[in-house]
Amino acid sequence: MAEPSFQRLGTSIDVPNVQALAASIANPADVPPRYVRQEAKADPVVSDGDSELPVIDFSRLLHHRFSREESAKLHHACADWGFFQLINHGVPDQAMEKIKGDIVEFFKLPLEEKKAFAQLPNSLEGYGQAFVVSDDQKLDWADILTLITRPLQSRNIDLWPAQPLTFRDSLSCYAMELKSVAGTLLEVMTKNLGVAPEEFSTIFQDQTQAVRINYYPPCPRADEVLGLSPHTDGSGLTLLLQVNDVEGLHIRKGGDWYPVKPLPGALIANIGDIIEILSNGVYKSVEHRAIINAKKERHSIATFHGPRKDSVVGPFAEIVKGCKPKYMSMSYREFRKAYFSTKLEGRRLIERLKL
Ligand SMILES: O=C(O)CCC(=O)C(=O)O
Ligand SMILES: [Fe+2]
């Protein structure tokens with residue numbers, strides 16, 4: 001099938017450093033209009049306790065006595081919510097605490113020191129802000145540090161902070177732990193979808209992995225700005241770790257926004273566009289956004305797990321045996337390019353891939 005053509009990433013427009021901007025602001029009126037959005041305030045938020053985000057116990061998935069029951073729970077979480085909390089995931093506390101600590105230290109460094117790891121022109125990798133291509137696009141109230149962690153030969157180590165001194169080690173260790181958790185979850189999901197393990201290995205062995213570290217400074221107009229615009233992830237599976245107890249993640253549920261309250265030590269997992277496509281829409285890549293706190297800063301670490309670079313992304317053959325594919329297939333390389341171009345146009349690639 002012919003692949004649709006998509007505009008390449010254009011030239012980015014300079015976006016201010018949000019941490020420096022936040023530090024310079026004394027009054028709500030000083031927040032530049034490009035960050036202020038009426039809809040942030042207007043969108044309804046589901047009140048607490050209306051429904052509960054599913055909680056998956058990773059250790060039960062591995063335990064033969066409980067694995068069936070927990071796998072079924074995982075299947076429903078992926079199909080009904082596209083999001084779940086993952087507890088007892090086995091990532092050592094020390095690995096999580098080390099990366100959290102180093103991230104907080106990194107963002108405390110003087111701007112000039114952080115800029116040594118700045119995004120290269122027209123690239124999303126490194127320290128900077130979300131990419132924009134037009135003067136009208138609203139801006140996110142966040143600085144980000146995006147780093148490719150897998151495959152190992154794709155690491156651009158010059159963009160990995162050298163301060164604090166332990167940062168590179170902490171990130172390598174955390175990324176390795178998450179790769180293993182994501183691998184197991186993806187394998188169980190493949191099984192739950194009735195797909196043969198070989199199909200899983202063809203796509204996810206030698207998986208790609210990237211880490212996006214989000215820094216959201218406080219803002220005096222917190223209810224009118226967004227830390228991260230509504231989006232779906234272009235990954236297969238995302239695992240999110242919130243660094244402190246400041247909440248900010250909202251999930252689209254029906255027409256409303258559902259605020260996530262991470263359980264202590266839990267990872268928040270979500271299905272990305274790739275799994276929605278592979279599963280032919282059985283699993284949902286759900287829109288989410290990040291809001292801002294008026295007084296407190298927030299950090300989060302999103303780790304994206306995708307298929308191997310040379311794979312073709314399309315509904316699993318076994319799933320579409322008795323029904324029609326709902327999405328067109330394309331190479332993962334082309335998918336990545338298209339995902340970012342479409343996002344810049346403020347649209348979702350996955351909608352364009354629907355047949
Ligand atoms: O900071 C958050 O809670 C959400 C982050 C996120 O959705 C992302 O980085 O893709
Ligand atoms: Fe996301």
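Just so you know, ligand 1 is whichever comes first in the structure, and atom 1 is the first atom listed for that ligand.
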Can you produce the list of protein nitrogen or oxygen atoms under 3.5 Å from a nitrogen or oxygen of ligand 1, alongside each distance?
unit_1: ligand 1; atom_1: 1 (O); unit_2: Y216; atom_2: OH; d: 2.7
unit_1: ligand 1; atom_1: 1 (O); unit_2: R298; atom_2: NH1; d: 3.2
unit_1: ligand 1; atom_1: 1 (O); unit_2: S300; atom_2: OG; d: 2.7
unit_1: ligand 1; atom_1: 3 (O); unit_2: R298; atom_2: NH1; d: 3.3
unit_1: ligand 1; atom_1: 3 (O); unit_2: R298; atom_2: NH2; d: 2.8
unit_1: ligand 1; atom_1: 7 (O); unit_2: H231; atom_2: NE2; d: 3.3
unit_1: ligand 1; atom_1: 7 (O); unit_2: H288; atom_2: NE2; d: 3.0
unit_1: ligand 1; atom_1: 9 (O); unit_2: R212; atom_2: NE; d: 3.4
unit_1: ligand 1; atom_1: 9 (O); unit_2: N214; atom_2: ND2; d: 3.1
unit_1: ligand 1; atom_1: 10 (O); unit_2: H231; atom_2: NE2; d: 3.1
unit_1: ligand 1; atom_1: 10 (O); unit_2: D233; atom_2: OD1; d: 3.3

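- Rounded to 10 degrees, the NE2-metal-NE2 angle spanning H231 and H288 at the Fe ion (ligand 2) equals 90°.
- Within D233, the N, O or S atom at minimum distance from the Fe ion (ligand 2) carries the name OD1.
- Counted within 6.0 Å of CD on E113, heavy atoms from surrounding residues, nucleotides or ligands total more than 12; the atom is thus considered enclosed.
- A donor atom on one side chain and an acceptor atom on the other are not found under 3.5 Å apart for K114 and Q163.
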message = Evaluate Y215 against F107 for ring pair (Phe, Tyr, Trp, His ring centres under 6.0 Å), listing each step before the verdict.
response = CA-CA 8 Å; Y215 173 73; F107 282 98; 5.0 Å; yes
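- Checked against a 6.0 Å centroid threshold, the rings of W81 and Y258 count as neighbours.
- Under the rule for a salt bridge (Lys or Arg N to Asp or Glu O under 4.0 Å), R212 has no partner lying at least two apart in sequence or in another chain.
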key: Working for ring pair (Phe, Tyr, Trp, His ring centres under 6.0 Å), residues H288 and H250   = CA-CA 6 Å; H288 52 285; H250 282 180; over 10 Å; no
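- Judged purely by distance below 3.5 Å, without hydrogens or angles, the side chains of Y127 and N17 pair a donor atom with an acceptor atom.
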